[in-house]
Amino acid sequence: MEVNKTTLPTSFRITGSRSNAFELRNVLLNVHVPELNKIQFGDDNKSEAPRPLPWYPDELGWQHSAPRSTIKKSPAFQNFHKWLVAETEVGNISRQEAVSMIPPLLLDVKPGHWVLDMCAAPGSKTVQIIEAVHANDLQDKAIPSGLVIANDADLKRSNMLVHQAKRLRSPCLIVTNHDAAQFPGVYVKQDLTEEKKPIQFDRILADVPCSGDGTLRKNFLIWKNWGIGSAIGLHYTQIKILLRGAQLAKESGRIVYSTCSMNPLENEAVVAEVLRRSRGNLQLVDVSDQLPQLIRAPGVTTWKVMNKENKWVDKLEDIDPKYQKKYAKSLWPPADVGQLNLERCMRIYPHFQDTGAFFIAVFQKTGPITDISSIDDSVSNKNACDTEDASVAETNENDIQNFCEETDMSNDPDATIVDDLSTNDVADNFCIVPIKRHNVDSSKHESHKCPKVEKLETKVEPDEEDDNQMGSQKRACEEPFIKLETKVESEEKDYNQMGSQKRACEEPFIKLEIKVEPDEDNSQMGSQKQMCEEPFIFLDPDGAVISQIREYYGLSHEFPTDQLLVRSVNERNKILYFVSEPVKRILQAPDCSRLRVVNSGIKVFTRQEANEPIKCEFRFNSEGIIMIYPYISKNRVVNFSLDDLKILLSEPTPLIDRFDENIQKRLKELDMGCIIIYIDPCKERDAIILPVWRAAVSLNLLYRKEERRALELRVSNFYQ
């Protein structure tokens, strides 16, 4: 307990899928660490420089214990902190608690895997999973065939998750908003064939909400608010989430269950009950040989339950009969606990390696899970648990179609996992303080119910409104199935009369006929609190917009233009997004409406407004430039030296005549529009690829201010 009274060290990861990951690690090792080791406070009192986590692969996980006072006093620490913040803002570094890094490592994600993160917010583990899916990016320009669905029950936290994951710029990500215990089934095409099957995942992470007593070193409110009822109240919710994950996993798939709690009622008791309900089709995996330098303790096989009088109770029958209905029998060790291999679970204690506390269990699915009903439950246990969610216990995974069609997974979709706890009615004085979730006021979403639309015919014409204003508007909800009939009519444009006006798209008049097919059961619409979300409309790869982009930038036919989409049918689209092929399959699934998609896709092209005529209205977006660069010709690529790069960064719009004569000559050969600046790799460092707007007499780096700041620091550190 003495360790729990000390400050938790700060830990962070260098993003493992980025081409410059090892460059950043070398900057840390060769530039910052030596300077920080020189600092002394008093006689022989050296500061503690950042150190790599001994168990994290490739020295990409780090930890440091410098207090704020040290950072304020030392210029070296201030420079290190500035570098850390800048690289974090652009996604090259992720600040994350050390023990939180372990579950994604044990998940063993490969680039081609389909992965579900059931309780993903705030997103640090999701980021690790995305990195693993993109692990082959350095060797292969192909877009990964893997998929990551990051789900969270809280809509606000789902949006925070989007912000966290967006920094990795992955086209393979879908963010959804569902109660994890009722994650819906969706039929999708499998392996590029026409056959549709229920979506199942190679890997599933269930980092469930918990009492959080393992976070005592950073969450000081736990010391005050913790109560014995927290674990009891969360126990069955955790079982439901893990069971749903087991159903959604493929046979031979891997599931990782984790909590930031040390309470066996949330850990081994949950694992034991799920193993028993899976009836031999789920097994604990022995991972003692993985991450060998990680110190861990085995799972426990005996534990007790404390009642409301703060007395230890050996079995359910010892509870006062009038309170028995509030306790699940699964809270106690089962009779066959010795056969469940609970010692294969992993417990991380703070005093082992100066971290927080964490519990991890790794499962492998060995067969279909067709019956997840309770085993040997007493009547009181059924009152406490089974009546809370009978539909889950009756789910037949062997026929997931029945689950999709007969179980309405969207009933009360805005109810969070915490809301489930309120129905458990554990004990009057029990304190439930779940970690990872906040209550959602469902009344706030009542106004977002979407009206039924039988048929809508919309003409999309040039619009003066900027996409930046779209976020604050209430958009019409996307209905279950949208059929698009697109007609492009030519129109003469007099560019001399355009002036400073926003020009129309090359497809000046697009007629979209949207036919919405009604749900089978309209009676349930009233109880569904649907989230209104922008639609996903895939562009015609042979349409005028894509043809213009292909011709202007020399876009290779190898690039899958059929995976480009827009997010609005009513406004002049400013941004073109790109998604991977698996994401497209899901978004185009006939029953995709079961999924409440919060966000997907990365920005690759942005409409650029100019005061003078330009040949192509769309420029590259910094978010997608690295992904699309291998597919474009070098017609609009200009090679820069480091000196020229420094001039580009010296002011917002440097004049062209400030650059080298050869650069000036090359720029004058190009018409006004977007170009790509390429800086050759040197000193074993990767190339730098930048989108730049070539104006009449100047250049403008198309970077956000935080991206620009990180680039400036990188240049000063890399090329001294």
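Atoms considered below: every heavy atom in the structure, side chains included; atoms not considered: hydrogens, waters and symmetry mates. Here the structure is a predicted model, which is why all the values come from computation and not from measurement.
Without hydrogens or angle criteria, R694 side chain to C674 main chain gives no donor-acceptor distance under 3.5 Å. No side-chain donor-acceptor contact under 3.5 Å links R25 to the backbone of I14. No side-chain donor-acceptor contact under 3.5 Å links S547 to the backbone of A544. Judged by distance alone, with hydrogens and angles left aside, the side-chain atoms of D152 form a donor-acceptor pair with the main-chain N or O of A121 at under 3.5 Å. Judged by distance alone, with hydrogens and angles left aside, the side-chain atoms of Q63 form no donor-acceptor pair with the main-chain N or O of L53 at under 3.5 Å. Without hydrogens or angle criteria, D660 side chain to N662 main chain gives a donor-acceptor distance under 3.5 Å. For the pair H178 (side chain) and R596 (backbone), a donor-acceptor distance under 3.5 Å is present. Using modelled atom types, no side-chain atom of S580 and backbone atom of I143 make a donor-acceptor pair closer than 3.5 Å. Counting only distance, with no hydrogens or angles, the side chain of Q128 and the backbone of M101 share a donor-acceptor pair below 3.5 Å. A donor-acceptor pair under 3.5 Å is formed between the side chain of R203 and the backbone N or O of L107.
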### Query
Given the rule in the side-chain contact (heavy atoms from CB on, under 4.5 Å) test, do V545 and N573 qualify, once you have shown the distances and angles that lead to the verdict?
CA-CA 11 Å; V545 168; N573 293 296; over 6 Å; no
### Task
Quick one: do W693 and I614 satisfy side-chain contact (heavy atoms from CB on, under 4.5 Å)? Show the steps, please.
CA-CA 12 Å; W693 185 258; I614 51 178; 4.0 Å; yes
### Message
With salt bridge (Lys or Arg N to Asp or Glu O under 4.0 Å) as the criterion, how do R704 and E89 come out once you've worked through the C-alpha distance, each side chain's angles and the decisive distance to 0.1 Å?
### Response
CA-CA 10 Å; R704 294 176 292 118; E89 286 178 341; over 6 Å; no
### Task
Please report the C-alpha distance between V597 and I174 in whole Å, then the side-chain angles of each, then the deciding distance to 0.1 Å, and finally whether the side-chain contact (heavy atoms from CB on, under 4.5 Å) criterion is met.
CA-CA 7 Å; V597 178; I174 300 177; 3.9 Å; yes
### Task
Walk me through it: do E623 and R169 pass the test salt bridge (Lys or Arg N to Asp or Glu O under 4.0 Å)?
CA-CA 6 Å; E623 191 172 295; R169 306 169 184 179; over 6 Å; no
### Task
For Q200 and E251, run side-chain contact (heavy atoms from CB on, under 4.5 Å): C-alpha distance rounded to whole Å, both residues' side-chain angles, the deciding distance at 0.1 Å, then the answer.
CA-CA 9 Å; Q200 289 189 300; E251 289 190 34; over 6 Å; no
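The heavy-atom pair separating P50 from W62 by the smallest distance is O-CZ3, 3.5 Å. Across all non-hydrogen atoms, the minimal contact from M118 to A206 is SD-CB, 4.2 Å. H134 and C172 get closest at one heavy-atom pair: NE2-SG, 3.9 Å. Scanning all heavy atoms of the two residues, the minimum distance from N635 to R666 falls at O-NH2, 2.8 Å. S556 and R550 get closest at one heavy-atom pair: O-NH1, 3.3 Å. Nearest approach of L205 to P103, heavy atoms of both residues: CD1-CB, 3.9 Å.
Distance check, rounded to the nearest 0.5 Å: CG of L713 to CG of N79 gives 8.5 Å. Of the inter-residue distances, the one linking S698 atom OG with L648 atom CG reads 10.5 Å to the nearest 0.5 angstrom. The CD1 atom of I625 lies 10.5 Å from the CD1 atom of I602; values are rounded to the nearest 0.5 Å. For the atom pair CD1 of I632 and CD1 of I549, the computed distance is 12.0 Å after rounding to the nearest 0.5 Å. Between atom CZ of residue F536 and atom CG of residue N599 there is a gap of 6.5 Å, rounded to the nearest 0.5 Å. The line from CG of L564 to CZ of F538 is 9.5 Å long, rounded to the nearest 0.5 Å.
No hydrogens or angles considered: a donor-acceptor pair under 3.5 Å links the side chains of Y552 and D671. N151 and T176 share a side-chain donor-acceptor pair at under 3.5 Å. Judged by distance alone, the side chains of S622 and E707 do bring a donor and an acceptor atom under 3.5 Å apart.
Contact check on E712 versus R709 returns no salt bridge, with no Lys/Arg side-chain nitrogen under 4.0 Å from an Asp/Glu carboxylate oxygen. Under a 4.0 Å N-O distance rule, the pair E661/K665 does not qualify as a salt bridge. The pair E651-R658 counts as a salt bridge, with a side-chain nitrogen and a carboxylate oxygen less than 4.0 angstrom apart.
Side-chain atoms of P691 and Y703, non-hydrogen and from C-beta on, do get closer than 4.5 Å to each other. Side-chain contact between I675 and L667: present, with at least one pair of heavy atoms (C-beta onward) separated by less than 4.5 Å. By the 4.5 Å heavy-atom criterion applied to side chains, V85 and H81 are counted as neighbours. The side-chain heavy atoms of R636 and I676, taken from C-beta on, include no pair separated by under 4.5 Å. Counting only heavy atoms from C-beta outward, the side chains of L702 and T606 never approach each other to under 4.5 Å. In this structure, the side chains of F80 and L28 come closer than 4.5 Å at one or more pairs of heavy atoms. In this structure the side chain of L699 reaches within 4.5 angstrom of the side chain of I656, judged on heavy atoms. Between Q164 and S124, the closest side-chain pair of non-hydrogen atoms falls below 4.5 Å.
Annotation: Y629 is not in aromatic contact with F620 [ring centroid separation under 6.0 Å not met]. Between F559 and Y553, the distance from one ring center to the other does not fall under 6.0 angstrom.
E551 is linked by a side chain to side chain contact (heavy atoms under 4.5 Å, CB included) to nothing, counting only residues two or more places apart in sequence or in another chain. Scored by the ring-ring contact (aromatic ring centres under 6.0 Å, His included) test, F201 finds no partners at all (sequence neighbours excluded). Applying the salt bridge (charged side-chain N to carboxylate O under 4.0 Å, His left out) test to D644 and every residue at least two apart in sequence or in another chain returns nothing.
Relative to the ring axis of F605, R619 does not place its NZ or CZ within 45° and under 6.0 Å from the centre.
The environment of NZ in K668 is sparse: at most 12 heavy-atom neighbours from other residues, nucleotides or ligands sit within 6.0 Å.
Of the listed residues (Y187, F183, W114), just one forms a side chain to side chain contact (heavy atoms under 4.5 Å, CB included) with I199, and that residue is W114. Across T561, D562, D540, a single residue satisfies side chain to side chain contact (heavy atoms under 4.5 Å, CB included) together with I546, and that is T561.
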